[in-house]
Amino acid sequence: MKFALVDCNNFYVSCERVFRPDLNGLPVVVLSNNDGCAVARSNEAKALGVAMGQPFFEIKHLVESHGLVALSSNYALYGDISNRVMSVLADEAPQVEVYSIDESFLDLDNMVSVQDLAGWCRQLRRRVRLWTGIPVSIGIANTKTLAKVANRLAKKSAKADGVLDLTSRSDWVEMALRRTEVGDVWGIGNRWSKVCVGAGIVTAFDLSRANPGWIRKAMGNVGLRTVMELQGTAVYSLETEPADRKTVCVSRSFGSATASMEEVRGAMLEYASRAAAKLRHDGMVAAGLQVFVSTDRFRSEDPQRAVSGSVKLSPATADTTSIVRAAVQLLERLWADGYRYRKTGVLLIDLVRPEDLPRDLFPAASSPRQARLMTALDAANDRFGRGALHLGLSAPAAAWRMRREAKTPSWTTNWREIPTVTA
DNA sequence: TCTGGGGTCCTAGGACCC
DNA sequence: TCTGGGGTCCTAGGACCC
């Protein structure tokens, strides 16, 4: 097996820079919802010491002192640019697995005609850059986990020119593993990283040579698989067909906390509507639903409460009205006065394709009339933007709405915000 | 004043069965 | 002093990912 991992560099920041070239060379971060945390950083921002996921209030002073530019997240833009990048890859490579918004694995096995894989990847890299404006790095190896290792080193090394092929020389895998900290291995998170270092396993190379019995005890079969992949045995293969989703979740922290059930209900109404629309988009129905609501866990001086509950949806459905009704009823049951709530959400569970439901056991999930209504609803919101058509009771100006103080325009997905060029 | 959102998989333990 | 052996199914929680 031979895999390439194509990973976009500092993806959200790079997307912003496509339409804001004035941001090149500046320290830039993109913030999470409510402008809460830094979720993407330019190299210049990393050099200032901004950590992944760091709360914005901790780095706000860098705006004044070092010209840090902080942008609110613009997911419409990132999703659209992602599609463009992935379609360039799909044009060039026979088999592609889109792994996340900014990463794809390619299968290089069926490319016998290509003599120089690294050269071919450099060409691909230039093409993505030219056609989308996005810089990518590419790692090549015999397993996905090793391709991840290669990719990280390709990003860090200037002379790699964005591509590192660990299959081209027999001693490169070991060298790469020695230069990778155990916590930077795909599949080794914060927790396991500490456990490993405590046991004297510091580098990826140490991990690849660790005692299997110990690995199994500390990290189970998952850890064992990671070790095998580091040793060069491919455990994970290329998944070109996306599997059916198992859950749909819509949840948000509020712009500011609220003790009003009216307001939280308004939020739930929107979240549940969006969850139902996602479900219909995937052509599935849900047989169950969970709702949760919680206070602000960072305000430890306030009384804390975090509750959740679930109900069955019978018959299984993707109908907005049924899902919203069930979610709101459950929220009202979970509700207790006297708390300032900061977050709520809905999780649709037990998803199935309607054609897989037992035929005659249940009545039709919704009447044909209701189904047509949902189709019309989706079509209107597709065409005119999310929320163009929605159930009543929604409160546009409520305090729970998220803060996004520095969002760039939806350059590529909204006609009213399309960029204009002046000579 | 200020701390994201959306997923997957695995495991341990309890309920229940014969 | 002693209190079966196996199974399955479900759920909650914990780990991981981007």
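- Set against B/dT3, C/dC18, B/dT8, the side chain of A/S100 has C/dC18 as its closest nucleotide.
- Taking atom C1' in both C/dG4 and B/dC17, one finds a spacing of 14 Å when rounded to whole Å.
- With B/dG4, B/dG6, B/dG7 as the choices, the nucleotide that has an atom nearest any side-chain atom of A/T247 turns out to be B/dG7.
- Which of C/dC16, B/dG4, B/dC10 sits closest to the side chain of A/S32 comes down to B/dG4.
- Classification of the A/Y99-A/F105 ring pair by plane angle, with boundaries at 30° and 60°, yields perpendicular.
- Formation of a donor-acceptor pair under 3.5 Å by the A/D378 side chain with backbone atoms of A/T375 is not found in this model.
- Atom CZ in A/F254 sits roughly 14 Å away from atom C1' in B/dG5 (whole-Å rounding).
- Out of B/dG6, C/dA15, B/dC10, the shortest distance to the side chain of A/R191 is found at C/dA15.
- At least one side-chain nitrogen or oxygen of A/R245 sits closer than 4.0 Å to the OP1 or OP2 atom of B/dG7.
- An OP1 or OP2 oxygen of B/dG7 is reached within less than 4.0 angstrom by a side-chain nitrogen or oxygen of A/K278.
- To the nearest angstrom, P of B/dG5 lies 14 Å from CE of A/M52.
- For A/F57, taking side-chain heavy atoms from C-beta onward, the closest of the listed nucleotides B/dT3, B/dG4, B/dG6 is B/dT3.
- Following rounding to the nearest Å, A/R225 (CZ) and C/dC16 (C1') show an atom-to-atom distance of 12 Å.
- Closest to the side chain of A/Y99, out of C/dC17, B/dC10, B/dG5, is C/dC17.
- Between A/F254 and A/Y271, the ring planes are tilted. Angles from 30° to 60° get that label.
- Rounded to an integer number of Å, the gap from A/R274 CZ to B/dG7 P is 10 Å.
- In this structure, A/K148 reaches the C/dC18 phosphate: one of its side-chain N or O atoms is under 4.0 Å from OP1 or OP2.
- In terms of phosphate contacts, A/S253 brings a side-chain nitrogen or oxygen within less than 4.0 Å of OP1 or OP2 of B/dG5.
- Relative orientation of the A/Y339 and A/Y341 rings is tilted, given thresholds of 30° and 60° on the angle between their planes.
- Straight-line distance from the CG atom of A/L351 to the P atom of B/dT8: 8 Å, rounded to whole Å.
- Regarding contacts with the backbone of B/dG4, every side-chain N or O of A/K343 stays at 4.0 angstrom or more from both OP1 and OP2.
- Remark: A/N221 is in phosphate contact with B/dT11, judged by side-chain N or O atoms under 4.0 Å from OP1 or OP2.
- Map A/Y75 and A/L347 each onto its nearest nucleotide of DNA chain B; the residue landing nearer the 5' end is A/Y75.
- When the P atom of C/dC17 is taken as reference, atom CD1 of A/I188 falls 8 Å away, rounded to whole Å.
- Comparing B/dG5, B/dT3, C/dC18 against the side chain of A/W186 picks out C/dC18 as the nearest.
- Dashed line: the shortest gap from a side-chain N or O of A/S251 to OP1 or OP2 of B/dG6 is under 4.0 Å.
- Heavy-atom distances to DNA chain B give each of A/G36 and A/R252 a nearest nucleotide, and the one nearer the 5′ end belongs to A/G36.
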side-chain hydrogen bond (donor to acceptor under 3.5 Å, both in side chains), that's the test. Do A/T145 and A/R225 meet it? Break it down for me.
CA-CA 10 Å; A/T145 306; A/R225 275 179 223 144; over 6 Å; no
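- An OP1 or OP2 oxygen of B/dT1 is reached within less than 4.0 angstrom by no side-chain nitrogen or oxygen of A/R403.
- Pair assignment for B/dC18: C/dG5, on the basis of Watson-Crick or G-U wobble contacts that are both within less than 3.5 Å.
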Pair A/N9, A/S14 - check side-chain hydrogen bond (donor to acceptor under 3.5 Å, both in side chains), show working.
CA-CA 7 Å; A/N9 300 349; A/S14 297; over 6 Å; no
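- Dashed line: the shortest gap from a side-chain N or O of A/R299 to OP1 or OP2 of B/dT1 is not under 4.0 Å.
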